[in-house]
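This report concerns only the one structure given below.
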Amino acid sequence: DLIYPPVDTARFQPAGTVGDYFFVLSRLIPYMRIDLAVQAATRLTLPLKVGGRGRDLERLRALAGPTVEFLGYVPDEDAPHLMAESRAFLFPGLEDFGITPVQAQAAGRPVIAFRGGGALDTVIPGMGGVLFDEQTVDSLAAAMQTFDPSAYDPAAMRAHALQFGSAAFAQQITGYVERAWAERNG
């Protein structure tokens, strides 16, 4: 049995307007592979906003071209509008689950994610975003270059994200415990 962790989807809503920037929100540490996003955006001269802090910041700044903006720490109240107004959320790392791609979809925005880990469960190609096959700048850049944000329905992405929300988690965990209790005490 698999019960996904709860994601606070309630504070994320689709925006009326969408900007032209890609967005990353992450701890800036090597295994998150934010370097791929920075290098791909720089190569393609596409605007990228990077939110977060961490020990990789100076290395990432050295890789970045003029289209990459480092926001530093992003307060919880600012993340929803940054996600909702982005062209797409980038998720180049390999995570067991990955909360931020679900939050982005709750905000009605597609995700461009590495094809592995939790993204395989949360990002449905063609409905919630695009999965790229290799953790390389070339692979991510190709996905970004051909990406069309108008091909995605914000309401459908939000509906998909809600199945990972806190209310769904509470219902699933309660149901699981009740079934386990009934089987044990039958």
Side-chain angles (χ1 to χ4, degrees), residues 1-26 32-34 36-37 40-41 44 46-52 74 76-135 139-176:
D1 293 312
L2 177 62
I3 299 173
Y4 296 102
V7 178
D8 180 6
T9 54
R11 65 190 183 100
F12 294 87
Q13 299 290 328
T17 60
V18 175
D20 193 34
Y21 62 90
F22 291 90
F23 184 53
V24 169
L25 181 62
S26 175
M32 298 301 285
R33 299 309 313 263
I34 306 307
L36 299 177
L44 299 171
L46 292 171
L48 171 66
K49 294 183 184 221
V50 178
V74 174
D76 284 347
E77 61 270 12
D78 293 342
H81 80 84
L82 284 165
M83 282 191 182
E85 294 175 2
S86 70
R87 181 177 177 143
F89 184 78
L90 303 182
F91 193 71
L94 178 62
E95 288 279 340
D96 294 346
F97 178 67
I99 289 172
T100 52
V102 175
Q103 292 173 330
Q105 291 175 84
R109 300 315 310 143
V111 177
I112 300 175
F114 171 62
R115 185 184 304 273
L120 296 173
D121 296 322
T122 61
V123 181
I124 298 172
M127 192 279 289
V130 174
L131 298 174
F132 63 96
D133 294 322
E134 299 173 4
Q135 279 187 308
S139 188
L140 175 54
M144 291 171 70
Q145 193 166 34
T146 60
F147 176 75
D148 177 10
S150 68
Y152 298 91
D153 177 10
M157 285 183 284
R158 178 159 176 72
H160 171 69
L162 293 179
Q163 71 180 322
F164 301 101
S166 300
F169 171 80
Q171 183 180 28
Q172 291 168 5
I173 197 77
T174 300
Y176 181 84

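Small disclaimer: the values here were computed from a predicted structure and weren't measured.
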query = Taking all atoms of both residues into account, what is the closest heavy-atom pair of Ala84 and Pro14, and its distance?
reply = CB-C, 4.4 Å
ask   = To the nearest 0.5 Å, what is the distance between CZ (Phe132) and CE (Met144)?
value = 9.5 Å
request  = Give a yes or no on whether the backbone of Pro101 and the side-chain of Gln105 come within a donor-acceptor separation of less than 3.5 Å.
outcome  = yes
inquiry  = If you compare all heavy atoms of Asp133 against all heavy atoms of Phe114, which two are closest, and at what distance to 0.1 Å?
reply    = O-CE1, 3.4 Å
query = What heavy-atom pair brings Pro92 and Arg33 nearest, and what distance separates the two atoms?
reply = CG-O, 3.2 Å
query = Near Asp148 CG, under 6.0 Å, is it more than 12 heavy atoms from other residues, nucleotides or ligands?
reply = yes
task = Check Gly51 against Phe23 and note the closest heavy-atom contact, atom names and distance.
result = N-CE1, 4.3 Å
ask   = Is the backbone N or O of Met83 less than 3.5 Å from a side-chain atom of Ser86, with the two atoms forming a donor-acceptor pair by type?
value = yes
ask   = Rounded to the nearest 0.5 Å, what separation is found between the CD1 atom of Ile99 and the OG1 atom of Thr9?
value = 11.5 Å
note = d(Leu36 CG, Leu90 CG) to nearest 0.5 Å is 10.0 Å
query = Closest heavy-atom contact between Gly116 and Leu94?
reply = C-CD1, 3.4 Å
ask   = Where the side chain of His160 meets the backbone of Val123, is there a donor-acceptor pair that is under 3.5 Å apart?
value = no
query = Just wondering, do Val111 and Met157 contact through their side chains at under 4.5 Å, heavy atoms?
reply = no
task = Nearest 0.5 Å please: distance from the CD atom of Gln163 over to the OH atom of Tyr4.
result = 8.0 Å
key: Distance flag, aromatic centroids of Tyr152 and Phe147, threshold under 6.0 Å   = yes
inquiry  = When you compare the side chain of Phe169 with that of Val7, does any pair of heavy atoms fall below 4.5 Å?
reply    = no
message = When you measure from the side chain of Arg11 to the backbone of Asp76, do you find a donor-acceptor pair of N or O atoms at a distance under 3.5 Å?
response = yes
ask   = Looking only at heavy atoms, which two atoms of Gly52 and Leu25 are closest? And how far apart?
value = N-CD1, 4.4 Å
query = With no hydrogens and no angle check, is any side-chain donor or acceptor of Ser139 less than 3.5 Å from a backbone partner on Gln135?
reply = no
remark   = To the nearest 0.5 Å, atom CZ of Arg158 lies from atom CD of Gln13 at 4.0 Å
request  = Starting from the C-alpha separation in whole Å, work towards a yes-or-no answer on side-chain contact (heavy atoms from CB on, under 4.5 Å) for Phe97 and Val102.
outcome  = CA-CA 9 Å; Phe97 178 67; Val102 175; 4.0 Å; yes
task = Would you confirm whether Arg87, through its side chain, and Gly19, through its main-chain N or O, come within 3.5 Å as a donor-acceptor pair?
result = no
note = Distance col, row Ile112:CD1 vs Phe91:CZ, nearest 0.5 angstrom, shows 13.5 Å
